[in-house]
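Numbering of ligands and ligand atoms starts at 1, following listing order.
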Amino acid sequence: MITRKSTTIALLTATFGFMLAFSACVQSTEQTETQIESYTPGLAVQMKYMQYWTHKVGLSIEAENLELADFYHHELEEAAEDLIDSIESYDGYPIAQLTESMLVPTLDALEDALDEGNWSDVREAFKAVIISCNSCHVATDHGFIVINDGFGNNPFNQEF
Ligand code: HEC
């Protein structure tokens with residue numbers, strides 16, 4: 001009888017302890033998820049990623065590696081979509097709207113050219129993407145940030 005009683009108490013204690021530990025665990029998972037969801041990189045950080053993907057699209061085109069160019073084009077497209085979804089305006093400039101009207105059409109045209117697989121058309125379409133990056137920099141009073149095709153030795157696809 002005594003043994004059974006103490007076993008029950010031990011079991012109850014263990015169950016209670018487990019429940020406490022479990023709820024703490026769930027809580028901390030929820031906190032982590034909230035923290036991850038609420039982090040949106042600012043404009044300059046998103047631009048850094050855009051530059052990175054654009055550079056890799058360029059180098060894939062220079063190497064005429066279609067599979068890689070397709071892959072990085074897709075990443076750049078997603079970066080543009082993230083920008084449109086997350087930054088409506090900055091310093092009074094309508095970032096989402098400018099990206100939608102200036103950059104997205106050139107990315108769509110580059111996608112079509114990649115689908116066709118004609119390298120001289122792909123290079124022309126890529127040039128148009130770079131022109132739209134720089135035009136938006138001019139439009140948002142950041143004309144001193146000049147992106148180029150990234151072919152050659154400068155470790156960045158940018159003029160300094
Ligand atoms: C909506 C207009 C717009 C478009 C489109 C745009 N940019 Fe920008 N970009 C900006 C603005 C505004 C800044 C300055 C951000 C700041 O002041 O924090 C910037 C900053 C930058 C920077 C400086 C940050 C750094 O990491 O050095 C780079 C590089 C850059 N953009 C690359 C690009 C590339 C590449 C593209 C095209 C694929 C592009 N941008 C398209 C508006 C634009």
Side-chain angles (χ1 to χ4, degrees), residues 21-160:
F22 183 72
S23 76
C25 188
V26 167
Q27 253 180 4
S28 77
T29 315
E30 271 170 10
Q31 266 172 9
T32 315
E33 277 169 8
T34 321
Q35 277 164 7
I36 290 169
E37 272 170 16
S38 63
Y39 174 68
T40 306
L43 181 58
V45 175
Q46 294 202 41
M47 283 293 154
K48 179 180 98 167
Y49 285 115
M50 294 250 270
Q51 177 181 27
Y52 177 85
W53 302 126
T54 305
H55 196 180
K56 291 202 172 190
V57 171
L59 294 178
S60 312
I61 291 173
E62 191 183 22
E64 302 199 346
N65 184 334
L66 191 57
E67 205 176 4
L68 209 52
D70 268 337
F71 175 79
Y72 287 121
H73 170 274
H74 179 71
E75 298 306 324
L76 181 56
E77 213 170 28
E78 281 193 345
E81 280 164 16
D82 287 348
L83 182 61
I84 291 167
D85 289 345
S86 63
I87 301 188
E88 199 172 321
S89 70
Y90 182 85
D91 264 358
Y93 295 108
I95 299 300
Q97 195 209 312
L98 287 171
T99 305
E100 185 82 62
S101 62
M102 294 177 93
L103 183 61
V104 171
T106 66
L107 290 177
D108 290 347
L110 177 58
E111 186 168 7
D112 292 345
L114 285 166
D115 286 345
E116 294 290 322
N118 176 322
W119 287 109
S120 89
D121 290 348
V122 168
R123 280 172 186 254
E124 284 307 307
F126 181 59
K127 264 190 207 157
V129 172
I130 306 295
I131 289 171
S132 93
C133 303
N134 291 328
S135 304
C136 200
H137 292 157
V138 171
T140 54
D141 204 21
H142 282 78
F144 53 89
I145 299 172
V146 180
I147 305 299
N148 58 32
D149 58 23
F151 301 171
N153 286 325
N154 173 352
F156 293 99
N157 54 341
Q158 187 175 349
E159 319 252 319
F160 290 94

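For the atom pair Y90 OH and H142 NE2, the distance stands at 6.0 Å (nearest 0.5 Å).
Judged purely by atom type and a 3.5 angstrom limit, Q158 has no side-chain atom pairing as donor or acceptor with the backbone of I145. A donor-acceptor pair is defined here as one N or O able to donate and one able to accept, closer than 3.5 Å; such a pair exists between the side chain of D149 and the backbone of F151.
Among protein heavy atoms, the minimum distance from atom 24 (C) of ligand 1 is reached at A44 O, 4.0 Å. In this structure, the protein non-hydrogen atom closest to atom 18 (O) of ligand 1 is Y90 OH, 3.1 Å.
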Would you mind writing out the side-chain donor-acceptor pairs for residues 72-85 within the sub-3.5 Å range, not counting sequence neighbours?
unit_1, atom_1, unit_2, atom_2, d
H73, NE2, L107, O, 2.8
H74, NE2, E78, OE2, 3.2

Quiz: residues 121-128 side-chain donor-acceptor pairs under 3.5 angstrom, not counting sequence neighbours:
unit_1, atom_1, unit_2, atom_2, d
E124, OE2, K127, NZ, 3.4

Which atom pairs, one a donor and one an acceptor, fall under 3.5 Å between side chains of residues 52-65 and the rest of the protein, sequence neighbours left out?
unit_1, atom_1, unit_2, atom_2, d
Y52, OH, K56, NZ, 3.2
T54, OG1, M50, O, 2.5
S60, OG, K56, O, 2.6
N65, OD1, E67, N, 3.4
N65, OD1, L68, N, 3.2

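Taking every heavy atom of L98 and a limit of under 4.0 angstrom, the matching atoms of ligand 1 come to 1 (C). For ligand 1, the atoms sitting less than 4.0 Å from at least one non-hydrogen atom of K48 are 26 (O), numbered in the order shown with element in parentheses. Close approach of ligand 1 to T54 is summarised as follows: ligand atoms under 4.0 Å from at least one heavy atom of the residue are 35 (C), 38 (C).
In this structure the side chain of I130 reaches within 4.5 angstrom of the side chain of N134, judged on heavy atoms. The shortest side-chain heavy-atom distance between N154 and N157 does not fall under the 4.5 Å cut-off.
Distances under 2.8 Å from atom 8 (Fe) of ligand 1 pick out the protein N/O/S atoms M47 SD, H137 NE2.
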